[in-house]
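Structure first, then comments.
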Amino acid sequence: MEFLFAAWLGKPVWMWTAFLGLVVFLLAFDLGVLNKKDKELGVSESLWLSAFYIAIAMVFGAYIWWAFETGRLVTEDGMHAGIAFFTGYFIEKSLSIDNVFVISLIFTYFAIPRAYQYRALVWGILAVIVLRGIMIAVGAALVQEYSWVLYIFGAFLIATGIKMLVVPESDPDVSKNPVVRFLRKHMRVTDKMHGQRFFVREADPTTGKLVLWATPLFLALVVINIADLIFAVDSVPAIFAITTDTFIVYTANIMAILGLRALYFALAAMVHRFHYLKYALAIVLIFIGAKIFWNQIFGKFPPELSLGITLALIAGGVFYSLWKTRNDKHAPTPAE
């Protein structure tokens, strides 16, 4: 059992195993108990399920905070583990709201019934766990080997924030997505759904032999995970700008994504109400990016103040958006 106490990416193996075990348990409980049968997830159920995941994240974050305060957990960069986790968690959660609209467009393009959408999102978590892990591991290796990479992250975050402030939003055209074109060209894809199945065996129209076909649900799953990787290009550097501790970066990312999948159906119905959150997030990215340069010129920026400013900006963006759009009529989203 000595290998469980061996260090891997700065933390004992047992710590990584325990976290991944928690995630697998939550997904198994979600798919095997809460949503054993395919059904349309209502807004109320979506909110309750999301509250459950948020509560789990808060308890996990509280444990991280306690473990750091008692000396049981030490971060690689000396950053307060609890503050870093919650800052990263809230930034990732907020940045992911834009991802909701893109997901709804993907489901609409592939004509995925609402009864199968949640199952596709939950299965997608498995891919996210691996893909985000790879991105974060590469990022951690770069930062450890070349500390100046943090300046690139900072400059990138500032540039991204400015772009979000000045460049008008445009709806992506899923039909022109190169991944969609590649998959349709190189895979057999059925024209209709086959329940919750990602692959089916059907006769080849040319040979008459039974061959494997991908369903639209599989294509939607692939494209959604590609979209998640694109969004991770913003969120991963943002958390590395807060802390370079790989465990905190990874757990904050995954915890935020777990809850977002559950919240999808509630957010998809009112995503148009969060229009002004974009500007608050842009300022957050600029602030986080600028903090890297501040730390080198003036000394370490107080982490408690950083968390407070981040939460204030995000909360301000949410409340201002809801207030500004309070008289707007419900505009159906593509997922409806």
Side-chain angles (χ1 to χ4, degrees), residues 84 86-106 135 139 148-174 176-177 226-243 249 252-253 256-257 260 263-264 267-268 270-298 301-303 305-328 331 333-334:
F86 283 114
T87 305
Y89 174 82
F90 287 118
I91 289 176
E92 173 64 31
K93 178 76 75 175
S94 303
L95 286 172
S96 297
I97 290 179
D98 278 346
N99 206 2
V100 169
F101 182 68
V102 175
I103 291 173
S104 68
L105 286 175
I106 294 170
M135 288 187 67
W148 50 263
V149 169
L150 281 175
Y151 294 108
I152 297 178
F153 285 173
F156 173 76
L157 292 174
I158 294 172
T160 301
I162 294 174
K163 180 181 177 182
M164 289 173 66
L165 286 174
V166 301
V167 178
E169 290 182 295
S170 59
D171 298 342
D173 188 347
V174 180
K176 295 180 180 179
N177 187 296
I226 295 296
D228 179 81
L229 277 178
I230 294 173
F231 276 92
V233 173
D234 289 336
S235 63
V236 171
I239 300 183
F240 267 116
I242 298 164
T243 178
V249 172
N253 254 264
I257 294 171
L260 181 76
L263 191 57
Y264 167 77
L267 285 179
M270 56 183 297
V271 70
H272 63 288
R273 297 285 307 276
F274 293 95
H275 173 72
Y276 296 95
L277 177 60
K278 165 192 172 184
Y279 302 106
L281 291 175
I283 298 174
V284 169
L285 291 181
I286 294 173
F287 166 67
I288 295 297
K291 197 169 62 133
I292 292 177
F293 297 94
W294 176 284
N295 290 341
Q296 295 301 316
I297 299 173
F298 302 104
F301 193 88
L305 183 58
S306 177
L307 175 59
I309 293 173
T310 300
L311 289 178
L313 287 170
I314 293 173
V318 170
F319 288 119
Y320 182 76
S321 292
L322 294 175
W323 176 78
K324 193 72 174 178
T325 60
R326 65 192 184 282
N327 296 321
D328 290 0
T333 64

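- Counting only heavy atoms from C-beta outward, the side chains of L285 and L95 approach each other to under 4.5 Å.
- With rounding to the nearest 0.5 angstrom, the OG1 atom of T310 is 10.5 Å from the CG atom of L281.
- The distance from the CD1 atom of I286 to the CG atom of L165 is 5.0 Å, given to the nearest 0.5 Å.
- Taking CD1 from I288 and OG1 from T87, the interatomic distance works out to 7.0 Å, rounded to the nearest 0.5 Å.
- Between L157 and P237, the shortest heavy-atom contact is CD1-O, 3.8 Å.
- Of the possible donor and acceptor atoms, none in the side chain of K291 sits under 3.5 Å from a partner among the backbone N and O of I242.
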Throw together a table of side-chain donor-acceptor distances under 3.5 angstrom for residues 311-321, partners on residues two or more places apart or in other chains.
| residue | atom | partner | partner atom | Å |
| --- | --- | --- | --- | --- |
| S321 | OG | Y276 | N | 3.0 |
| S321 | OG | L277 | N | 2.9 |
| S321 | OG | G317 | O | 2.8 |

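- For the atom pair CG (L150) and CZ (F153), the distance works out to 7.0 Å, reported to the nearest 0.5 Å.
- Across all non-hydrogen atoms, the minimal contact from G139 to F240 is C-CZ, 3.8 Å.
- When all heavy atoms are compared, the tightest approach of M164 to A282 is CB-CB, 3.7 Å.
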(request) Kindly determine whether D228 and I257 satisfy side-chain contact (heavy atoms from CB on, under 4.5 Å), including the steps that lead there. (result) CA-CA 10 Å; D228 179 81; I257 294 171; 4.2 Å; yes
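- Here the shortest heavy-atom pairing between G88 and A252 reads C-CB, 4.1 Å.
- If you take CD1 on I91 and CD1 on I239, they are separated by 7.0 Å, rounding to the nearest 0.5 Å.
- Counting heavy atoms from C-beta outward, I158 and F293 have side chains that approach closer than 4.5 Å.
- With values rounded to the nearest 0.5 angstrom, I309 atom CD1 is found 11.5 Å from I283 atom CD1.
- Between V233 and M135, the closest heavy-atom pair is N-CE, 4.3 Å.
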